[in-house]
Amino acid sequence: MQVSNSGCSSEKRNELNIEKKNHQDDAEEAYSSKRIDSSTSTNNKCVLSIDLQQCLPTPLLESSVAFYKRQLWTYNLTVHNINTSTASCFIWSEPIAKRGGNDIGSCVFNYLKCLLTEINHVVMYSDCGSGQNKNSIMMAMVLWFMEHQDIVTIIDHKFLVRGHTRMECDSDDHARIEKG
C-alpha cells in the first residue's frame with residue numbers, strides 16, 4: 001500500500017519494492033524448504049505442520065441476540081503429518097487452559113510421545129507466533145523431550161514467514177472443520 005501511495009518519493013518507492021521482493025523471496029525459500037523436506041521424507045523422518053485454528057465459539061449460534069452474549073471459546077491445535085496426510089487435533093476450551101506457549105508445547109509434546117518407534121528425525125513447520133510457537137517454552141519442551149527418550153535424535157523446527165503461512169493444517173483440516 002505504501003508503494004502505491006502517490007505521495008511516496010521514487011527513492012522511498014524503490015526502497016519499499018526491494019523490501020517487498022526480499023520478503024517474497026524469504027517466503028518462497030521457506031515454502032521450498034517445506035517442499036524439499038516433504039519430498040525427501042523417509043520411514044525414519046516425519047514432517048509436521050502445526051497450527052492453532054481460529055478460536056471457535058461454542059456453541060455456534062446463529063441468533064443475533066446470542067451474538068452479543070458472552071460465548072465460550074474453544075481452541076484447536078492441529079498437528080498435520082505431511083508424510084501420512086493425517087491430522088491430530090488437540091481441543092480444549094478457555095476455562096481449561098489458554099493458548100500460550102505452555103499449552104501449545106504440551107500438545108506438541110503429547111504428539112511427539114506417540115510417534116512411531118522408527119521415527120528418529122522430526123521436522124516441524126509452524127508460523128512465527130512468539131506467544132505460541134517461537135519461544136523459550138517450546139524450545140525447553142523439545143530439549144526435555146530429547147533428553148528423556150532414545151528414539152528421536154533430530155528435531156528441526158522451521159518457521160514460515162509472517163503473512164505467508166499456508167499449511168496443510170489450514171487448507172485441509174481447519175477448512176473441513178469450519179465447513180461443518
Inset, instruction - Indicate, with yes or no, if V122 and I151 share a hydrophobic cluster defined by side-chain heavy-atom contacts under 4.5 Å among Ile, Leu, Val, Met, Phe, Trp and Tyr. - result: no
Legend entry - Closest approach of G105 to M141 (non-hydrogen atoms, all atoms of both residues): O-CG, 3.6 Å
Legend entry - Side chains of D127 and N133 in contact at under 4.5 Å (non-hydrogen atoms): yes
Inset, instruction - Taking atom CE of M139 as the centre, report whether more than 12 heavy atoms of other residues, nucleotides or ligands fall under 6.0 Å from it. - result: no
Legend entry - Main-chain N/O of L56 paired to Q53 side chain as donor or acceptor, under 3.5 Å: no
Legend entry - Worked verdict on V142 versus H157 for side chain to side chain contact (heavy atoms under 4.5 Å, CB included): CA-CA 9 Å; V142 169; H157 193 169; 5.5 Å; no
Legend entry - Point-to-point distance, once rounded to the nearest 0.5 Å, from CD of E15 to CD1 of I18: 7.5 Å
Inset, instruction - Run the numbers on K113 and H148 for side chain to side chain contact (heavy atoms under 4.5 Å, CB included), then give the verdict. - result: CA-CA 10 Å; K113 281 191 331 187; H148 290 85; over 6 Å; no
Inset, instruction - May I ask you to check whether over 12 heavy atoms, not counting those of E118, lie within 6.0 Å of atom CD? - result: yes
Legend entry - Inter-residue atom distance D25.CG - K20.NZ, 0.5 Å rounding: 12.0 Å
Inset, instruction - Check for a donor-acceptor pair, side chain of N83 on one end and backbone N or O of V47 on the other, with a separation under 3.5 Å. - result: yes
Inset, instruction - Flag yes if V108 and I155 sit in one hydrophobic cluster, no otherwise; membership is Ile, Leu, Val, Met, Phe, Trp, Tyr, and two members link when side-chain heavy atoms are under 4.5 Å apart. - result: yes
Inset, instruction - Check the hydrophobic clustering (I, L, V, M, F, W, Y; side-chain heavy atoms under 4.5 Å; chains of links allowed) and say if I36 and I154 are grouped together. - result: no
Inset, instruction - Begin with the C-alpha distance, continue with both residues' side-chain angles, and end with the deciding distance and a verdict on side chain to side chain contact (heavy atoms under 4.5 Å, CB included) for V152 and N120. - result: CA-CA 4 Å; V152 178; N120 62 14; 5.6 Å; no
Legend entry - F159-V79 co-clustered via ILVMFWY side chain contacts under 4.5 Å: no
Legend entry - Side chains of Q149 and L112 in contact at under 4.5 Å (non-hydrogen atoms): no
Legend entry - Shared hydrophobic cluster, F109 / F90 (ILVMFWY, side-chain heavy atoms < 4.5 Å): yes
Inset, instruction - Look at the side chain of S126 and the backbone N and O of I50, then say whether any donor-acceptor pair between them is shorter than 3.5 Å. - result: no
Inset, instruction - Looking only at non-hydrogen atoms, find the nearest pair between K158 and S33 and report the distance. - result: NZ-OG, 3.4 Å
Inset, instruction - Show the numbers, then the answer: is there a salt bridge (Lys or Arg N to Asp or Glu O under 4.0 Å) between E28 and R35? - result: CA-CA 10 Å; E28 185 51 43; R35 278 192 297 277; 2.6 Å; yes
Inset, instruction - Applying side chain to side chain contact (heavy atoms under 4.5 Å, CB included), run through L52 and L77 and close with a yes or a no. - result: CA-CA 4 Å; L52 187 66; L77 179 79; 4.1 Å; yes
Inset, instruction - For residues L116 and C46, determine if any side-chain heavy atom of one lies less than 4.5 Å from a side-chain heavy atom of the other. - result: no
Legend entry - Donor-acceptor contact below 3.5 Å, side chain D103 vs main chain G100: yes
Inset, instruction - Verify, without hydrogens or angle tests, whether S106 (side chain) and N102 (backbone) share a donor-acceptor contact under 3.5 angstrom. - result: yes
Legend entry - Gap between atom OG of S49 and atom NE2 of H80 - 0.5 Å precision: 5.5 Å
Inset, instruction - Look only at the side chain of E94 and the backbone of W73, and say whether a donor-acceptor pair between them is shorter than 3.5 Å. - result: yes
Legend entry - Of all pairs that satisfy ring pair (Phe, Tyr, Trp, His ring centres under 6.0 Å), the ones with a partner from residues 110-141, not counting sequence neighbours: none
Inset, instruction - Locate the shortest heavy-atom distance separating G101 from N135; write the atom from each residue and the value. - result: CA-ND2, 3.8 Å
Legend entry - Value rounded to 0.5 Å, distance of OG1 in T78 from CD in E168: 12.0 Å
Inset, instruction - Quick one: pull up CZ in R99 and CH2 in W92 and give me the separation to the nearest 0.5 Å. - result: 9.5 Å
Legend entry - Spacing of CD1 belonging to I119 relative to NZ belonging to K45, to within rounding of 0.5 Å: 11.0 Å
Legend entry - Exceeds 12 heavy-atom contacts within 6.0 angstrom, atom CG of N43: no
